[in-house]
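Beneath this line is the structure, given in structure tokens, with notes to follow.
Values in this document were obtained by computation on a predicted structure and should not be read as measured data. Heavy atoms only: backbone and side chains are in, while hydrogens, waters and symmetry mates are out.
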Amino acid sequence: MSDLPFLLALSFIPNLGPVSARSLISYCGGTAEAVFSTPKGKLLKVPGIGESMAKAVLEQDTLKKAEKELSSCEKLGIQVIPYDHPLYPRELSFIFDAPLILYLKGKINLNAQPNIAIVGTRKPTEHGRDITREFTEFFVGQGINVMSGLAYGIDITAHKTALDMDGKTTAVLGHGLDSIYPATHAQKAFSIQRKGGLLTEYPLGVKPDARHFPARNRIVSGISKAVIVIEAAERGGALITAHQAFEQNREVYAVPGRLGDTYSVGCNNLIKNQVAKLISHPQEVLDDLEIIWDTKDTQLDLALETVLSPEETKVMNYLNKGDAAVDHIFHQTGIPMSQLNSLLLSMEFKGLIAQAPGKKFRKK
């Protein structure tokens with residue numbers, strides 16, 4: 001059986017954060033499944049695991065909840081991506097408190113191109129919107145996925161601009177994927193799914209909550225190679241994202257503004273305190289990051305990255321004979337079923353295979 005239901009069950013345990021969960025997995029032999037079969041006495045020896053936590057781990061209700069969640073996500077077309085999955089964002093996996101589980105609705109593979117975040121105030125000036133459009137248009141033209149948080153102002157301007165250019169954009173949400181906040185952005189969220197994705201660490205049914213959004217922001221910055229702040233007041237979510245990016249060793253850039261302007265204070269302070277680098281044109285970001293990525297080279301670069309693993313080669317060789325169901329691929333290749341489902345999903349995102357009628361797979 002896949003380890004995914006057990007990882008998901010761990011993520012449901014109250015007050016068990018991703019850092020403690022990974023320590024628990026490591027202590028119990030390296031799998032989440034092993035955690036649930038570990039005696040209570042041994043669990044109590046794990047640092048940070050007390051009586052109530054150990055009792056919660058051994059509750060069977062969490063596993064039932066995980067199985068129900070997986071079934072619901074499948075019906076809604078939501079991918080459940082654990083931290084050890086090939087589709088889990090590589091950059092994000094390096095941060096200290098990377099989520100144990102991510103939920104994704106959409107077509108984006110966050111490891112297939114550079115990701116850059118654009119954030120800022122919820123009440124931008126028209127100049128701020130213009131700068132956001134300029135930067136977004138430039139990045140989308142270079143094949144970059146623009147990250148943001150679907151909030152009012154700079155966030156939604158970046159998302160809309162990317163969509164208008166038929167480019168990739170990803171919105172990270174502070175709630176479950178069965179709702180959209182703010183509700184007025186629901187139509188744009190639907191459009192984002194078609195070319196990019198909606199991403200969250202929160203399961204279905206979790207509503208927007210003030211404490212979720214700073215946590216959400218660490219994912220926006222953690223996935224991105226850089227965070228760009230365009231207009232920010234003295235306090236606000238954009239500054240939280242910038243400081244989190246700085247702590248995660250990501251590059252932070254800010255567009256300066258006039259002294260005395262309310263929504264220039266945050267950007268100017270980031271530059272003054274050497275948290276962010278001053279920029280006036282998006283090309284400066286690519287030059288600084290040494291990203292060479294344009295629309296002419298995108299397909300070539302992706303093709304060079306698509307080096308088949310031995311397991312992928314086995315699957316491709318078998319699919320040369322025609323469409324095949326998962327259980328047939330399993331019997332013919334000998335790849336464990338727990339690994340095969342993840343492998344097929346990864347190959348589908350790479351464009352190597354596609355779903356065929358009758359829950360079968362075929363070569364593209």
Side-chain angles (χ1 to χ4, degrees), residues 89 91 106-122 124-172 185 188 191-192 194-197 199 217 220-232 238 241-242 245-246 250-258 263-264 266-268 270-271 275-302:
E91 300 283 352
K107 301 294 184 183
I108 193 78
N109 176 352
L110 290 161
N111 294 319
Q113 69 287 301
N115 307 293
I116 290 179
I118 295 179
V119 298
T121 178
R122 292 170 183 248
T125 64
E126 194 53 45
H127 175 68
R129 289 192 182 93
D130 288 342
I131 294 293
T132 303
R133 293 185 193 105
E134 177 190 347
F135 274 63
T136 303
E137 287 174 1
F138 180 87
F139 291 139
V140 166
Q142 301 299 315
I144 289 167
N145 173 49
V146 174
M147 304 283 303
S148 204
L150 202 69
Y152 292 110
I154 298 298
D155 285 23
I156 196 62
T157 302
H159 291 308
K160 283 180 179 177
T161 305
L163 292 172
D164 290 344
M165 293 190 65
D166 199 30
K168 293 180 181 179
T169 184
T170 301
V172 184
H185 293 166
K188 288 301 176 188
S191 299
I192 287 170
R194 293 183 298 188
K195 283 292 290 183
L199 189 72
N217 293 347
V220 174
S221 57
I223 289 174
S224 304
K225 287 187 174 294
V227 170
I228 298 165
V229 185
I230 301 174
E231 289 196 331
T241 307
F246 186 76
R250 303 293 185 266
E251 293 295 343
V252 184
Y253 303 92
V255 177
R258 293 189 308 181
Y263 297 111
S264 297
C267 290
N268 291 346
L270 288 173
I271 296 166
V275 172
K277 297 177 182 178
L278 186 155
I279 51 166
S280 57
H281 191 278
Q283 182 63 54
E284 295 172 294
V285 176
L286 301 197
D287 291 343
D288 192 46
L289 294 173
E290 298 183 343
I291 292 178
I292 303 171
W293 184 280
D294 62 29
T295 50
K296 299 188 295 296
D297 296 331
T298 298
Q299 293 302 317
L300 175 61
D301 286 352
L302 287 175

With His281, which residues qualify under side-chain contact (heavy atoms from CB on, under 4.5 Å), at least two apart?
Glu134, Phe138, Gln283, Glu284

Looking at side-chain heavy atoms only, is the closest gap between Pro256 and Ile271 below 4.5 Å?
yes

Could you work out, with side-chain hydrogen bond (donor to acceptor under 3.5 Å, both in side chains) as the rule, every residue matching Asn115, not counting sequence neighbours?
Gln113, Asn145

CD1 of Ile223 to CG of Asn111: how many Å apart, nearest 0.5 Å?
9.0 Å

For Lys195 and Gly167 the tightest heavy-atom approach is CB-O, 3.6 Å

Where do Ala226 and Tyr253 come nearest, in terms of heavy atoms and distance?
CB-CE1, 3.6 Å

Examine distances only and state if a side-chain atom of Arg250 and a backbone atom of Val227 form a donor-acceptor pair shorter than 3.5 Å.
no

Can you list everything that forms a salt bridge (charged side-chain N to carboxylate O under 4.0 Å, His left out) with Arg129? Sequence neighbours excluded, please.
Glu126

Distance check, rounded to the nearest 0.5 Å: Ile116 atom CD1 versus Ile144 atom CD1?
4.0 Å

Sub-4.5 Å side-chain heavy-atom contact between Ile108 and Leu199:
no

The criterion is side-chain hydrogen bond (donor to acceptor under 3.5 Å, both in side chains); which residues satisfy it with Lys277, sequence neighbours excluded?
Glu251, Asp288

Sequence neighbours left out, what passes side-chain hydrogen bond (donor to acceptor under 3.5 Å, both in side chains) with Ser148? Give chain and number order.
Asp155

Over all heavy atoms of both residues, which pair between Ala232 and Val229 is shortest? Give the atoms and the distance, please.
CB-CG1, 3.9 Å

Kindly compute the distance separating OG1 (Thr170) from CE (Met147), expressed to the nearest 0.5 Å.
5.0 Å

For Gly257 against Ser264, the heavy-atom pair lying closest together
CA-OG, 3.2 Å

Which distance, rounded to the nearest 0.5 Å, do you find between the CG of Asn268 and the CZ of Arg258?
11.5 Å

Show which side-chain atoms of residues 159-166 pair as donor or acceptor with protein atoms under 3.5 Å away, not counting sequence neighbours.
unit_1 : atom_1 : unit_2 : atom_2 : d
His159 : ND1    : Thr169 : OG1    : 2.8
His159 : NE2    : Leu150 : N      : 3.2
Thr161 : OG1    : Thr157 : O      : 2.7

Can any side-chain N or O of Glu231 pair as donor or acceptor with the backbone N or O of Ile154 at less than 3.5 Å?
no

What distance separates Ile228 CD1 from Cys267 SG, expressed to the nearest 0.5 Å?
11.0 Å

If every non-hydrogen atom of Phe246 is compared with every non-hydrogen atom of Val252, which pair is closest and at what distance?
N-CG2, 3.8 Å

Would you compute the distance between atom CD1 of Ile230 and atom NE2 of His127 and round it to the nearest 0.5 angstrom?
9.5 Å

